[in-house]
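For reference, the structure discussed in these notes is given below.
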Amino acid sequence: MKFVDEAIIDVVAGNGGSGCISFRREKFIPFGGPNGGDGGRGGHIYLEADRNINTLIDYRYARRHEARNGEAGRGADQFGAAGEDVVLRMPVGTIVRDFDTGEVLMELLEHGERRLLAKGGDGGFGNLHFKSSTNRAPRKKTLGWPGQAYKLKLELRVLADVGLLGMPNAGKSTLITAISNARPKIADYPFTTLHPNLGVVRVGPEKSFVVADIPGLIEGASEGAGLGHLFLRHLQRTRLLLHVVDLAPFDEGVDPVKQAKAIVKELKIYDESLYNKQRWLVLNKLDMVPAEERVQRVVSFVKRYGWKGPVFEISALTREGCEPLVQAIYQHVAAEQEHHEDRDLRFEGDDDTVPVQPVAALTSRQAAKAAAQENEAFEDLVPVKDEGAATAAKPARKAAAKKVPAKKAAAKKTAVKKAAAEKAPAEKAPAKKAPAKKVEAAKPAAKKAAAKKVPAKASKKPAAPEADEAYLPDPTDPRFR
Ligand SMILES: Nc1nc2c(ncn2[C@@H]2O[C@H](COP(=O)(O)OP(=O)(O)OP(=O)(O)O)[C@@H](O)[C@H]2O)c(=O)[nH]1
Ligand SMILES: [Mg+2]
């Protein structure tokens, strides 16, 4: 299947169904009460990570994904059915961005992970909903709410433990073929590999790691030479980079040291963190070098290149030296896994991940809901005892809000420290309480808090109107856009 690692799609969740105005009318029951049901919720759009999919090609062809609308309510107390949800399956390692702002909305990192992307609109209320002791024949209904709609940019970054880096023709594909189950195309011309290939290297029972082979990089890639550094992002999540160098170039005039330096320069231009990633030097095609010259050539290369890290001498074609390389990689990968059980280096530098935030403007009802929830959460956190507490509440609430992302980043030591620093005001907050005030003082504070809640809830449920007040649509209502 063709490898596609970028796609732009539109997703539109279903609109909610409208409520219904209806009254019970039966023989001998001439004035039955209201019985118009609510509309159903629109279908949600979920994303699900699936390890059996390894390209975004499906999303190049199917660009618009819509969920069904909710059904309208009907008489005889019938509520509308909810629209069916849509689940979009994507490869593990997909990053979902908002197309316009570039903000990362979510990342799919584990097989089976399912995330809500676009929420279907809630259904409107039927007149059954508006009946009350004072208004027993309400002629009012509300329309359904629109579903969220996003334009998204999908980006796939493959998840591998080890990444291969090198000039075209260095023998990267030959190496991945020699050590793993991957069988990419190998040929003696540059840019044989046009998209990343993943290979699983089995070291022993239940011992394996994944290697990624990407297209070759050449000098000037940052300006778009060759295939550019389009594919370098696939190396960003690896734990280790293998810099494959052709020690016996076909063209005698080519200097491997100069080429190796050029690649590292491109790496630095592309991403400093990638440049700082653990990198090992793999000197390839040693079978082409006469045995007596090998040591001297390797030593002179390392010296001129000024390399102090690990060096491996191999021949990917004859598989000479591949076994020690594989063992060393496995030791390294396993050690990293052990040391950082709670964090995964492959996902470092992905700090821009944020919890799902609606891209389209929140509808006023959703905003009110969110505000109400926030208020409730805050009240749980800081019991309103006196006015002092009420004033201390603000920083506490801010701190609580800060706590969440801090916890997320707990894997990072620095982040943890930062979080601890940010937490401090939260703990201080209750201590800030004003000197003991009379208990009566608590009442206005409590009232204030309650008052805060009320408008939020009120906007959630539109205030019950007078008996026969006609339902007049508000022109600013998003449903009439
Ligand atoms: N003699 C010898 N030839 C090798 C060795 N490794 C690779 N080659 C040859 O070098 C050529 C290029 O190998 P590839 O594996 O396609 O190189 P690549 O780095 O994947 O190249 P691109 O995909 O174009 O970036 C092929 O003809 C291989 O047979 C080696 O260790 N010894
Ligand atoms: Mg290749």
Side-chain angles (χ1 to χ4, degrees), residues 2-3 5 54-55 158 160 162-201 210-222 224-235 238 240-267 270 274 279-295 297-298 301 311-326 329:
K2 196 166 173 268
F3 181 84
D5 59 358
N54 41 31
T55 145
V158 299
V162 183
L164 298 182
L165 176 77
M167 285 270 168
N169 256 345
K172 300 179 294 299
S173 304
T174 314
L175 177 60
I176 200 175
T177 307
I179 61 175
S180 79
N181 60 349
R183 294 290 172 266
K185 189 174 171 187
I186 298 172
D188 58 356
Y189 55 84
F191 300 111
T192 315
T193 306
L194 295 173
H195 60 76
N197 296 301
L198 292 184
V200 179
V201 182
V210 180
V211 187
D213 167 32
I214 64 162
L217 202 65
I218 57 172
E219 197 170 355
S222 50
L227 293 179
H229 49 207
L230 205 67
F231 293 100
L232 274 181
R233 69 158 173 263
H234 293 291
L235 298 184
T238 54
L240 175 68
L241 297 181
L242 295 186
H243 184 174
V244 183
V245 177
D246 179 357
L247 258 205
F250 184 71
D251 185 354
E252 290 289 309
V254 173
D255 180 9
V257 176
K258 218 173 139 197
Q259 288 200 330
K261 281 187 177 163
I263 291 231
V264 173
K265 199 173 135 205
E266 291 301 329
L267 204 62
Y270 177 73
L274 199 57
R279 192 156 21 96
W280 292 358
L281 197 58
V282 176
L283 304 176
N284 190 25
K285 302 199 187 176
L286 274 185
D287 59 313
M288 301 275 281
V289 183
E292 60 278 8
E293 260 185 55
R294 279 188 198 178
V295 178
R297 199 178 282 200
V298 169
F301 177 90
V311 182
F312 292 84
E313 299 146 41
I314 64 158
S315 164
L317 198 66
T318 62
R319 307 199 174 183
E320 194 185 327
C322 287
E323 194 49 37
L325 175 64
V326 167
I329 296 172

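Quick note: residue numbers are just sequence positions, from 1. Order of appearance sets the numbers: ligands from 1, and atoms from 1 within every ligand. Fair warning: this is a prediction, and the values are worked out from it, not measured in the lab.
Counting only heavy atoms of the protein, atom 27 (O) of ligand 1 lies nearest to Asp188 CB, 3.3 Å. Here the heavy atom of the protein found nearest to atom 20 (O) of ligand 1 is Ser173 OG, 2.7 Å. Protein heavy atom nearest atom 15 (O) of ligand 1, with residue, atom name and distance: Thr174 OG1, 2.5 Å. At the shortest separation from atom 23 (O) of ligand 1 among protein heavy atoms lies Thr193 OG1, 2.6 Å. Counting only heavy atoms of the protein, atom 17 (O) of ligand 1 lies nearest to Gly171 N, 3.2 Å. Annotation: atom 31 (O) of ligand 1 to nearest protein heavy atom, Ala316 N, 2.9 Å. Nearest protein heavy-atom contact of atom 3 (N) of ligand 1 is Leu317 CD2, 3.8 Å. For atom 4 (C) of ligand 1, the closest non-hydrogen atom of the protein is Lys285 CE, 3.6 Å.
Only the backbone of Ala187 comes within 4.0 Å of ligand 1, counting heavy atoms alone; no side-chain atom from C-beta on gets that close. Residue-level proximity to ligand 1 for Met288 is carried by the side chain, the only part with a heavy atom below 4.0 angstrom. When non-hydrogen atoms are compared, ligand 1 lies under 4.0 Å from the side chain of Asn284 (C-beta onward) but not from its backbone.
Among Ile314, Asn169, Asp287, the residue whose heavy atom lies nearest to atom 32 (N) of ligand 1 is Asp287.
The Mg ion (ligand 2) has Thr193 among its coordinating residues (N/O/S atom, backbone or side chain, under 2.8 Å). Residue Thr174 does not count as close to the Mg ion (ligand 2), with no N, O or S atom under 2.8 Å.
Checked against a 3.5 angstrom limit, the closest N/O atoms of Gly216 and ligand 1 fall inside it.
Close approach of ligand 1 to Tyr189 is summarised as follows: ligand atoms under 4.0 Å from at least one heavy atom of the residue are 24 (O). For ligand 1 and Pro190, the ligand atoms under 4.0 Å from any heavy atom of the residue are 24 (O).
Residue-ligand proximity: Gly166 is placed with every non-hydrogen atom at 4.0 Å or more from ligand 1.
Inter-residue side-chain proximity for Val311 and Phe301 is flagged as unmet; no heavy-atom pair is nearer than 4.5 Å. Counting only heavy atoms from C-beta outward, the side chains of Asp246 and Asn284 never approach each other to under 4.5 Å.
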